[in-house]
Amino acid sequence: YKKKLIYQANIIMIYLLLLLGILGCYAQDSLNCSSIPDSAFEPIVLRNAVGSELHVMPFGGTAVKFLVADKDGVMRDVILGFDDTRQYCENAIHPYFGAIIGRYANRIANGTFVLNNITYHTPLNDNNWDTLHGGTIGYDKRVWTVDQNTTNSVFFSYESPDGEMGFPGALNIFAAYVLTDQNEWQIYYEATAKDDTVINLSQHTYWNLNGFKNNSQDVLSHILELNADNYVEVDQYLIPTGKIGNVTTDFWLNFTIPKAVGKDIKRGTVTPTGGYDNAFVLNAPTGKPAAVVTAPDTGITLEMYTSQPSVQFYSGNFLDGSLPRKSDQTFGSEPQYYQQYSAVVLEAQHYPDSVHHPEWPTTILRAGQTFSAYTAYSLSASQ
C-alpha cells in the first residue's frame, strides 16, 4: 500500500511539473503598468522636411500619432490611438494600436506547435482558441530600448529571453523607424536567434486617412487595392484551413482592382461581427505596391511596400465605440469614439499559423541565423 501511495505521488508530481511547464508562459512574468517608468510612454517625435511628424514611444515600439498634410494643406492625424499614452498599457481592451507585434504575429492554432520534436505551449489569449500576436504579453507590451535617435529616425532593440510566453530560444531584436522627406515611414526588422525558434514580426497601426474629418465615422469609402491574387482560407475561428483561395472566385476578397472597402464588406465575411480579417498572399515582387489606400475626402493616399510574403487586411471589426478618439480626431464639443470599421490595418507578415504548415514560407529561425524584413508606408495627397 505504501509503494502504491509513493507511485501515485510520483505520478501527481510529474503531472504538476508538466502543468507548470505548460503554464510557465503565463507565470514567468506579468504586466504591472504602474511599475513601468514614464520615460517608456514619452513620445519621440520624428520630423521631415515637409512638416510631417511621426510620434513613437519605447513601450511596444508604438506609433501614437502621424501628422501629414491633406490635399488642402491641413495637417491630419491619420492613425488611431490614445491621448494618454499610459492607456496603451493600462487599457484592457487596447487592440494593439500602432505596436510592434511578436514574437509571433497573427494566430497559432490551439496555442501549441512542435519544433525539433518538442511540443511548445503558448497562451490561449484569443477566446481560448489560439495564441494571438505573441500571447498575453507580446512585444506590443514590452519596453524597447532606444539605441539611437535622430531628427527623423529611431532605433529600438529588445532582448526576448528563452521561454518568454512559452516560445523557445532567446532572440536579439532590432527595429528601426525612419521618416523620409518623401513622407515614407520605413520600418526595418532584424532578429538573431541564439537557439532554434519561430518568429513572425509585424506592425499593427490602424489607419484612417480622413483623420475623422467632419466627424466621419468609418473607412468604408476608402479605396483599397491589394497586389494579391490569392488569400489564406480560414475557419470560423480565423485559423487557416490549409487551403489557399483565389480572389477571382471569392470576389468579395478581390482588391486587385481598386474598390471601396465597404463595397463587399457584408459578403462572405469571416468574423462574428463581420468585416475583413484576411491574410492576402502577395504576388511576386515587381516594384508595385503591396497595397494602396486612398481617402477621397482628404485626398491622402497610402502606398505600402514590404519584403514579407503576406499582408493581413483588418477593417477594425472589433472596434465597438468604447474607446475615445484622440483629441485631434474629435470635432465638436461632444466626446467621440472609435466605431466599427474606423480603420484599415495592413499588417505585413508571414501567413497565420505557419508553424503548422511546412508547405508555406517558413517562420522557423535556426540558431545563429538572422531574420530580416522591411515594410514602408508612403503617404501623399492630391486633389
Side-chain angles (χ1 to χ4, degrees), residues 96 100-109 113 115 130-134 138-139 167 171 173-176 185-193 196-205 207 224-235 238-250 253-256 270 276-293 302-314 344-366 369-378:
Y96 307 96
I100 295 173
I101 303 298
R103 177 175 304 196
Y104 206 94
N106 219 305
R107 291 165 173 83
I108 296 177
F113 63 93
L115 180 64
D130 54 74
T131 299
L132 178 63
H133 292 335
Y139 294 170
F167 290 96
L171 273 179
I173 311 162
F174 300 90
W185 174 18
Q186 299 175 344
I187 304 168
Y188 301 88
Y189 306 107
E190 190 172 282
T192 303
D196 291 357
T197 189
V198 295
I199 186 172
N200 190 14
L201 300 180
S202 191
Q203 222 291 338
H204 209 282
T205 289
W207 300 92
L224 174 64
E225 180 181 4
L226 295 173
N227 185 22
D229 294 330
N230 299 297
Y231 71 96
V232 178
E233 182 183 284
V234 294
D235 64 16
L238 300 178
I239 301 298
T241 63
K243 297 179 180 178
I244 300 297
N246 185 272
V247 299
T248 303
T249 303
D250 301 322
L253 293 170
N254 190 352
F255 288 93
T256 57
V270 294
Y276 293 101
D277 200 354
N278 302 87
F280 288 82
V281 178
L282 295 174
N283 296 334
T286 60
K288 184 178 179 180
V292 181
V293 190
L302 178 151
E303 293 184 344
M304 175 189 185
Y305 300 85
T306 186
S307 63
Q308 302 247 48
S310 171
V311 59
Q312 183 86 10
F313 165 40
Y314 172 57
V344 168
V345 185
L346 298 168
E347 309 160 53
Q349 57 189 238
H350 277 63
Y351 307 173
D353 200 36
S354 289
V355 288
H356 293 124
H357 297 277
E359 70 276 17
W360 293 348
T362 186
T363 52
I364 295 173
L365 187 64
R366 297 296 180 185
Q369 290 184 340
T370 296
F371 165 88
S372 61
Y374 165 80
T375 298
Y377 300 100
S378 181

| request: Without swapping roles, check the side chain of E190 against the backbone of A176 for a donor-acceptor pair under 3.5 Å. | output: no
| task | Find out whether V311 and T306 are in side-chain contact, i.e. whether some heavy atom of one side chain is under 4.5 Å from a heavy atom of the other. | result | no
| Are the side chain of D353 and the backbone of I239 linked by a donor-acceptor contact shorter than 3.5 Å? | no
| said: Using 30° and 60° as the class boundaries, would you call the ring planes of Y188 and Y374 parallel, tilted or perpendicular? | reply: tilted
| field | Heavy-atom check, side chain of E347 versus side chain of Y314, under 4.5 Å | value | yes
| task | Look at the side chain of N200 and the backbone N and O of A105, then say whether any donor-acceptor pair between them is shorter than 3.5 Å. | result | yes
| Heavy-atom side-chain contact between Y377 and I187 under 4.5 Å | yes
| request: Report yes if the side chains of W207 and L302 come closer than 4.5 Å at any heavy-atom pair, otherwise no. | output: yes
| said: Contact between F113 and T131 at the side-chain level, heavy atoms closer than 4.5 Å - yes or no? | reply: no
| said: Nearest 0.5 angstrom please: L365 CG to T370 OG1, how far? | reply: 7.0 Å
| message | Could you check whether any side-chain heavy atom of I173 comes within less than 4.5 Å of a side-chain heavy atom of L201, counting everything from C-beta outward? | response | yes
| query | Can you check whether Y305's main-chain N or O pairs, donor with acceptor, with E303's side chain at less than 3.5 Å? | reply | no
| Backbone of N106 reached by a side-chain donor or acceptor of H133 within 3.5 Å | yes
| message | Taking the side chain as everything from C-beta on, heavy atoms only, tell me whether T197 gets closer than 4.5 Å to R103. | response | yes
| query | Is a donor on one side and an acceptor on the other found under 3.5 Å between the side chain of S202 and the backbone of A348? | reply | yes
| When rounded to the nearest 0.5 angstrom, what distance separates OG1 in T375 from CG in L346? | 10.5 Å
| When rounded to the nearest 0.5 angstrom, what is the spacing between CG in L253 and CG in N246? | 10.0 Å
| field | H357 ring center near Y351 ring center (under 6.0 Å) | value | no
| said: Closer than 3.5 angstrom, by distance alone: can the side chain of Q349 be matched with the main-chain N or O of S310 as a donor-acceptor pair? | reply: no
| message | For the CD atom of Q203 and the CD atom of Q308, what is their distance to the nearest 0.5 Å? | response | 11.5 Å
| query | Do H356 and I108 have side-chain heavy atoms sitting under 4.5 Å apart? | reply | yes
| field | Main-chain N/O of A376 paired with Q186 side-chain donor or acceptor, under 3.5 Å | value | no
| message | Pair T363, V355 - check side-chain contact (heavy atoms from CB on, under 4.5 Å), show working. | response | CA-CA 7 Å; T363 52; V355 288; 3.8 Å; yes
| Can you tell me how far CG of N227 sits from CG of D229, rounded to the nearest 0.5 angstrom? | 7.5 Å
| query | Checking ring-ring contact (aromatic ring centres under 6.0 Å, His included) for the pair F313/F255: CA distance, chi angles, key distance, verdict? | reply | CA-CA 11 Å; F313 165 40; F255 288 93; 5.7 Å; yes
